[in-house]
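Hydrogens, waters and symmetry mates are skipped; everything else that's a heavy atom, side chains included, is used.
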Amino acid sequence: MKVARGAAQGTWSGSVRPHVSRIVLYLLTGGLAVTLITVPIAYAQPSEVALWLLLLWFAWAFSTLWILVVRSFSPPAFGLMIIMLLYILIPATGSVVTGKAVIAGVDYSRGTLAALQLSVAAQIALGAGVIIVHHVRGGTTTGVGRVIIKVSRRRLNQSAVIALAIAVAALVLLAGTSGANLSRYAAVLGNTTGDTFYSTASGTTSGYLGSLTDVAGVCILVAVCAGSLSKRGKPPVLLILLSLTATAFLVAGGERVRFVVPALAAGLLWMKIRGGRLPLPLRTLSLLSVGGLIIFSAVVGVARQQGDRSFTVANLFTSQFVQGSDLFSPLAGLTQTVPAQHDYLWGTSYLEALYFPIPRAVWPAKPQGAILDVTAGFADVTNGESFPEYGEMYANFGVPGVVLGCLVFAALLEWVWIRFAESAGKSRLFVYPTLIAVMLQIFTRDYAVSQLAGLLGFILGALVLQRVLDFQVLPREPFAVPTKADMALVEQLHVDSSY
């Protein structure tokens, strides 16, 4: 085995695995913090709901602290925990404290207890999936194997120009064939009606053309590649302008997901190809990225909302943590509806992937979507209310579906990250980051098939870029991922050297 450079520099300090006492210390500290937060609530309201909220916080704290203290940090797994915190734990705490689970003027507080129980099951399964795959497949990973990408700037420029041209052409065709109001495209600038350009589009091709506009996200991936090239060369002025144009193009439509997913994929790609002698640790990068995305999401939310659009702290906080991040209340509404008023779907919402791409011009009677029918049982689907993806798992298969679905989802997400972190070739350099970003987005909203279809343009753009772009990848530094036998040998050598 060729020992990694990090081994000679003390990457493996003492034992290969983190010291048990360090993990216990972090867990006890986190448990104490969670206790200080939630026990007053449980004490003031000694009810079953408060106790389940306490259990939810403990399950989340355990998984999050484990992810933070384990040697091979996983940004996607950390992202899952942040999603649970922002969209479930914070709204659930507010519901328990106020006794209400209100969204769009409807109170779903009768389903609060069931929603908490589902969330606890989902949180435990997510943590278990990450931990199992980490120990089975990823326990030997000590970091991201960074690589050097070799590609001509001319090819990068061509790729960005083509991607942006396709996106603009798709937008123009969408406006011309679907009757969409092009004046409402800049939703973040002056639209006060609450409608976006995409919501005014209709017709049999609007979905395809709307998804095709997401190809502009490829420009952000290309810009990251250009930024990783030699620092002594001329700055990629054209690519910087194209990426900024693509960002404005994606954000202007008012749908944050069209920019957030390419930005997440680009961030993961940058972790792999970034240079620098003193790179920031992955934990620091992940925390900064999460903070940046939260601020960005709040700014866009305020810019596109009706009424007061001033960028005050109160407006930004309300947009991010009150209005746009409550997936718990709709989840409570779902538990009131299924199975009391609507039978389980038994996988029909996922089987729609088999016929979802068929245009209505060919199949005019194509169903609208099983999960939309379920949502219509307790909410107005035009309000944009949504619950997390494990709510759709529950609507299909009940609590067992939540447990098994979240376990498999988290395990797959962690496995993809480990493959990406350990890879040293070019075969899936753009594919893995795109897949991880898409999976994180799917988890934040129900109707996975529709979410996937909406992001299809960016996915296909990344696949084409992977296939067409002529580039080479070289390891940035000699490294080898040690096997379990190698780890045992290192531990034995450390024990022998202590005598």
Side-chain atoms of residues 215-224: list all donor-acceptor pairs with protein atoms under 3.5 Å, sequence neighbours left out, distances to 0.1 Å.
none

Exercise for the section: Tell me yes or no: between the side chains of His134 and Ser72, is some donor less than 3.5 Å from an acceptor? Expected result: yes
Exercise for the section: Any chance you could measure Glu389, atom CD, to Arg445, atom CZ, to the nearest 0.5 Å? Expected result: 11.5 Å
Problem - Aromatic centroids of Phe73 and Phe78 separated by under 6.0 Å - result: yes
Practice task
Would you please classify the geometry between the Phe378 ring and the Phe387 ring as parallel, tilted or perpendicular, with 30° and 60° separating the classes?
Solution key: tilted
Exercise for the section: Indicate whether any N or O donor in one side chain lies under 3.5 Å from an N or O acceptor in the other, for Glu385 and Thr375. Expected result: no
Handout entry: Polar side-chain atom of Glu392 near backbone of Ala448 as donor-acceptor pair, under 3.5 Å
Key = yes
Practice task
May I ask you to decide if Ala332's main-chain N or O and Thr335's side chain share a donor-acceptor pair within less than 3.5 Å?
Solution key: yes
Check: residues 112-124 side-chain donor-acceptor pairs under 3.5 Å, at least two apart:
unit_1 : atom_1 : unit_2 : atom_2 : d
Thr112 : OG1    : Ser109 : O      : 3.0
Ser119 : OG     : Ala115 : O      : 2.8
Ser119 : OG     : Tyr390 : OH     : 2.8

Problem - Any donor-acceptor pair under 3.5 Å from Lys272 side chain to Val144 backbone - result: no
Handout entry: Exam field: side chain Ser211 to backbone Ala453, donor-acceptor pair closer than 3.5 Å
Key = yes
Exercise for the section: Before accepting this row, confirm whether a basic side-chain N of the pair Asp107/Lys100 lies closer than 4.0 Å to the acidic partner's carboxylate O. Expected result: no
Practice task
Give a yes or no answer on whether the side chain of Ser450 reaches the backbone of Tyr447 with a donor-acceptor pair at less than 3.5 Å.
Solution key: no
Problem - Asn396 and Thr348: side chain donor to acceptor below 3.5 Å - result: no
